[in-house]
Amino acid sequence: MRVTGYGVISNSSGIISYEASGVIKTTNQDSDLASRIKIILLGLDEVICKFKPNCVAIEKVFVNINPQSTLLLGQARGAAISAAVLQNLDVFEYTALQVKKSVVGMGHASKSQVQIMVQKLLSLPSIPSSDSADALACSICHANISGSLAKFGTGNRMKSGRII
């Protein structure tokens, strides 16, 4: 099974709050690329239509030891970006180091550290799954970075709205 996480937060003048999170799953039965991309595209389109975000934040692809894993991640990212641009949403990309540094305070944080900090920052009753936590962390990173840039009068000035 392959999993694509999503997370929705709202940002109201720098105060972030949890809206939703989850995963979109493709199974081994969805073996051809077109079927997997369609499932991800339609799943994210449903999330976008339901929550009406102002923008989408997504993690940049890193080159993995396993080229096949990197390729699969890139294909899922392409579907996610396509879902956003089809809804005329701006897409902001962040490296894993940027996301971890923004959320945990250090760029080489473990997955469990990211999960715990996401739980604390969003006052969640339990620790989110790693895929949901990664997506929520990316949204939190965008809220933090866009807020900082707005203070300096540059960049995307997002004072309030939803981020997916």
Side-chain angles (χ1 to χ4, degrees), residues 1-26 39-62 64 73 76-152 154-164:
M1 183 175 329
R2 297 181 180 127
V3 177
T4 301
Y6 67 87
V8 183
I9 65 169
S10 66
N11 179 16
S12 179
S13 298
I15 307 296
I16 59 171
S17 58
Y18 176 82
E19 295 278 330
S21 62
V23 294
I24 297 164
K25 298 176 183 177
T26 59
I39 290 167
I40 294 167
L41 182 66
L42 292 176
L44 288 174
D45 185 63
E46 185 178 316
V47 172
I48 290 168
C49 288
K50 180 176 182 179
F51 291 99
K52 310 247 183 281
N54 300 77
C55 62
V56 172
I58 192 164
E59 195 172 301
K60 287 183 181 180
V61 172
F62 62 95
N64 198 335
L73 179 60
R77 271 177 36 85
I81 291 169
S82 296
V85 298
L86 285 172
Q87 295 289 336
N88 296 311
L89 295 171
D90 290 330
V91 177
F92 299 91
E93 298 178 272
Y94 299 98
T95 66
L97 288 173
Q98 287 174 306
V99 171
K100 290 176 180 180
K101 186 157 181 86
S102 178
V103 172
V104 178
M106 56 184 191
H108 295 287
S110 68
K111 285 226 178 251
S112 63
Q113 287 172 312
V114 171
Q115 288 173 278
I116 290 166
M117 282 306 295
V118 165
Q119 179 193 19
K120 289 181 186 223
L121 290 169
L122 297 174
S123 301
L124 301 176
S126 61
I127 294 175
S129 73
S130 79
D131 294 299
S132 292
D134 286 347
L136 288 164
C138 203
S139 296
I140 293 167
C141 175
H142 180 68
N144 290 341
I145 289 175
S146 65
S148 295
L149 291 175
K151 289 178 186 174
F152 293 107
T154 61
N156 179 32
R157 295 185 179 141
M158 190 182 146
K159 292 188 177 176
S160 62
R162 287 193 174 110
I163 306 167
I164 199 169

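For the atom pair OG of Ser139 and CD1 of Ile58, the computed distance is 10.5 Å after rounding to the nearest 0.5 Å. Once rounded to the nearest 0.5 Å, the distance linking OG of Ser146 with CG of Asp90 reads 11.5 Å. A distance of 11.0 Å separates CG in Leu44 from SG in Cys49, rounded to the nearest 0.5 Å. Rounded to the nearest 0.5 angstrom, Ile116 CD1 and Leu124 CG are separated by 12.5 Å. In this structure, Tyr6 OH and Asp131 CG are separated by 12.0 Å, a value rounded to the nearest 0.5 Å. Note: Lys52 NZ to Glu19 CD = 13.0 Å, rounded to the nearest 0.5 Å.
For the pair Ile48 and Pro53, the tightest heavy-atom approach, listed with the atom from each and the gap, is O-CD, 3.4 Å. Between Gly22 and Ser132, the closest heavy-atom pair is O-OG, 3.3 Å. For the residue pair Ser130 and Gln115, the shortest heavy atom distance occurs at N-NE2, 3.3 Å. Minimum heavy-atom separation, Asn11 to Ala143: ND2-CB, 3.8 Å. Nearest heavy atoms, Cys138 versus Val99: N-CG1, 3.8 Å. Residues Leu41 and Ala83 approach most closely at CD1-N, 3.3 Å, considering heavy atoms.
Lys111 places a side-chain heavy atom less than 4.5 Å from the side chain of Asp134. Residues Leu97 and His108 meet the side-chain proximity criterion, which asks for heavy atoms closer than 4.5 Å. Ile163 places a side-chain heavy atom less than 4.5 Å from the side chain of Cys55. The shortest side-chain heavy-atom distance between Ile140 and Leu122 falls under the 4.5 Å cut-off.
The only option from Lys101, His142, Lys60, Lys100 that meets the side-chain hydrogen bond (donor to acceptor under 3.5 Å, both in side chains) definition with Tyr94 turns out to be His142.
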Using the side-chain contact (heavy atoms from CB on, under 4.5 Å) rule, take Ile164 and Val47 through it: C-alpha gap first, then chi angles, then the decisive distance, then the call.
CA-CA 9 Å; Ile164 199 169; Val47 172; 3.0 Å; yes
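For Ser110 (side chain) and Gln113 (main-chain N/O), a donor-acceptor pair under 3.5 Å exists by modelled atom type.
Partners of Glu59 according to the salt bridge (charged side-chain N to carboxylate O under 4.0 Å, His left out) rule, which considers only residues two or more places apart in sequence or in another chain, do not exist here. Partners of Glu46 by salt bridge (charged side-chain N to carboxylate O under 4.0 Å, His left out), not counting sequence neighbours: none found.
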